[in-house]
There are 2 protein chains.
Amino acid sequence: MAKSDAAAAQPDARARLTDDVSFLLARANALSLAAGNAALAALGLKVRSYSVLALACDTAAGPSQRELAEFLRLDPSQVVALVDDLQRRGLIERRPDPADRRANVVVATADGLALHERALAAAEAAERDLHANLSAAERVQLADLLRRIAFP
Amino acid sequence: MAKSDAAAAQPDARARLTDDVSFLLARANALSLAAGNAALAALGLKVRSYSVLALACDTAAGPSQRELAEFLRLDPSQVVALVDDLQRRGLIERRPDPADRRANVVVATADGLALHERALAAAEAAERDLHANLSAAERVQLADLLRRIAFP
DNA sequence: TATTGTTATACTCTATAACTATA
DNA sequence: TATAGTTATAGAGTATAACAATA
């Protein structure tokens, strides 16, 4: 079964992988996640908790934990821990949903809103750095294309 | 999840997040990873091990483990386990690099090349599904934009 | 019966440090 | 001294099932 010839005859897998959207997605996300977590660390946040906080800042009647789980593609049981942590720090509150007593609605406190402002600035700075090789128009276009994959 | 009237009236964090390339990257990658792992499961592979196998199929003189780690953004210690598994299954081999006796060169066996063919087809089918909302030209463009983030 | 939030648990993945053999 | 591979281990992230309260 020795067959170095066939191996040499193969097209270049490295070149193929760098054309593979899934691979590029994974690598770009790894860089983005690392940069985001680093930028948010000074505020005691990670990309995950920042996302929950951002969504809790959405409206006065914030999202339910179920909605958070769906939007962030997390298991509901993971959302519990994230919300616990942010609530313990006084950044968000669980409020019983008057329309459905099973559900909690997650809303930001004043402290949460204030921290979100700073976190947003930090996250945007990290993102600017990550997208240094893209023009503003290209960033918009990238967001458009990604959105069609992320929300099919 | 539908936006309420209240959400439309105020600055909308949900809308802001869906314009955020980092968030879209994370969500698109989560979908891509899940679809890829599901498509490769029947072959006993995951996206990770598939990537290592693909790179080992690259050339007769394959990549070193260090190169695999850098390219896939993994710690060298994680590559050990991936290479161990593929080697145990007879899909790749470690060969001492004649130019540097510290280094191993990872090359695919005949079985590895054969499995890679099937895995490539499965991965491409999953990707076609994931990119159903994109034209061929848009897929190429997305790959270009992602490459400039993934390989700065 | 089905769903929301919760707990518990097991599993995978990730990050770090230390060790060896080579350079 | 520095680097390639390896080992060990702790921590983070993920997936699953089960339960109480409510729909």
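Put simply, chain A comes within 4.0 Å of DNA chain D, heavy atom to any atom, from D/dA12 to D/dA23, going 5' to 3'.
Base-pairing analysis of DNA chain D finds the following stems of at least three consecutive Watson-Crick or G-U pairs, with both pairing distances under 3.5 Å: C:1-23 with D:1-23.
The same ILVMFWY cluster, assembled from side-chain heavy atoms under 4.5 Å apart, contains both A/L115 and A/L86. Connection of A/L130 to A/V21 is established within a shared hydrophobic cluster, with ILVMFWY side chains joined at heavy-atom distances below 4.5 Å, either directly or through further cluster members. Neither A/L68 nor A/V105 shares a network with the other; the hydrophobic side chains, linked directly or stepwise wherever heavy atoms of I, L, V, M, F, W or Y lie under 4.5 Å apart, form separate groups for each. Using a 4.5 Å cut-off between side-chain heavy atoms of Ile, Leu, Val, Met, Phe, Trp and Tyr, with links allowed through other members, A/L91 and A/V83 fall into the same hydrophobic cluster.
B/R95 places none of its side-chain heavy atoms less than 4.5 Å from the side chain of B/N104. In this structure the side chain of A/R16 reaches within 4.5 angstrom of the side chain of B/L120, judged on heavy atoms. For the pair B/P76/B/Q65, no side-chain contact is recorded, criterion being any heavy-atom separation below 4.5 Å from C-beta on. In this structure the side chain of A/N29 never reaches within 4.5 angstrom of the side chain of A/L25, judged on heavy atoms. A heavy-atom distance below 4.5 Å is not found between the side chains of A/L113 and A/E117.
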Under 3.5 Å, which donor-acceptor pairs link side chains of residues 39-56 of chain B to any protein atom two or more places apart or in another chain?
{"from": "B/S49", "atom 1": "OG", "to": "B/K46", "atom 2": "N", "distance (Å)": "2.9"}
{"from": "B/S49", "atom 1": "OG", "to": "B/K46", "atom 2": "O", "distance (Å)": "3.2"}
{"from": "B/S51", "atom 1": "OG", "to": "B/V47", "atom 2": "O", "distance (Å)": "2.8"}

Side chains of residues 142-152 of chain B: which donor-acceptor partners sit under 3.5 Å, not counting sequence neighbours?
{"from": "B/D144", "atom 1": "OD1", "to": "B/R147", "atom 2": "NH1", "distance (Å)": "2.9"}
{"from": "B/R147", "atom 1": "NE", "to": "A/T18", "atom 2": "O", "distance (Å)": "2.9"}
{"from": "B/R147", "atom 1": "NH2", "to": "A/T18", "atom 2": "O", "distance (Å)": "3.1"}
{"from": "B/R147", "atom 1": "NH2", "to": "A/D19", "atom 2": "OD1", "distance (Å)": "2.9"}
{"from": "B/R148", "atom 1": "NE", "to": "A/N133", "atom 2": "O", "distance (Å)": "3.4"}
{"from": "B/R148", "atom 1": "NH2", "to": "A/N133", "atom 2": "O", "distance (Å)": "3.0"}
{"from": "B/R148", "atom 1": "NH2", "to": "A/E138", "atom 2": "OE1", "distance (Å)": "2.7"}
{"from": "B/R148", "atom 1": "NH2", "to": "A/E138", "atom 2": "OE2", "distance (Å)": "3.0"}

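Contacts of B/D100 with the nucleic acid, taken as non-hydrogen atoms under 4.0 Å apart, involve only primed sugar atoms and P, OP1 or OP2.
Each of A/A99 and A/L74 lies near DNA chain D, and the nucleotide nearest A/L74 is the one positioned closer to the 5' end. A residue-by-residue look at A/A103 and B/R101 shows that A/A103 has its nearest nucleotide of DNA chain C further toward the 5' end. Taking the nucleotide of DNA chain C with the nearest heavy atom to each of A/V83 and A/R102, the more 5' of the two is matched to A/R102.
Ion pairing of A/R27 with A/D20 is absent here, as no side-chain N (NZ or NE/NH1/NH2) approaches a carboxylate O to less than 4.0 Å.
For B/K46 and C/dC13, the shortest distance from a side-chain N or O to OP1 or OP2 is below 4.0 Å.
One atom, CG of A/D97, and another, C1' of C/dG5, lie 13 Å apart when rounded to the nearest Å. When the P atom of C/dT7 is taken as reference, atom CD of A/Q65 falls 10 Å away, rounded to whole Å. Protein atom CG of B/D84 is 16 Å distant from nucleotide atom C1' of C/dC13, rounded to whole Å. With rounding to whole Å, A/E70 atom CD is found 11 Å from C/dT3 atom P. Rounding to whole angstrom units, CZ of residue A/R95 and P of C/dG5 are separated by 16 Å. The CG-P distance, from B/L72 to C/dC13, rounds to 14 Å in whole Å.
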Protein-nucleotides 15-18 of chain C N/O pairs closer than 3.5 Å?
{"from": "C/dT16", "atom 1": "O4", "to": "B/S77", "atom 2": "OG", "distance (Å)": "3.0"}

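Across residues 21-43 of chain B, not one residue has a non-hydrogen atom less than 4.0 Å from an atom of DNA chain C.
Interatomic distance, CZ of A/R73 versus CD of A/Q78, reported as 11.0 Å (0.5 Å rounding).
Contact detail for B/L72 and A/F23: the closest heavy-atom pair is CD2-CE1, 3.7 Å.
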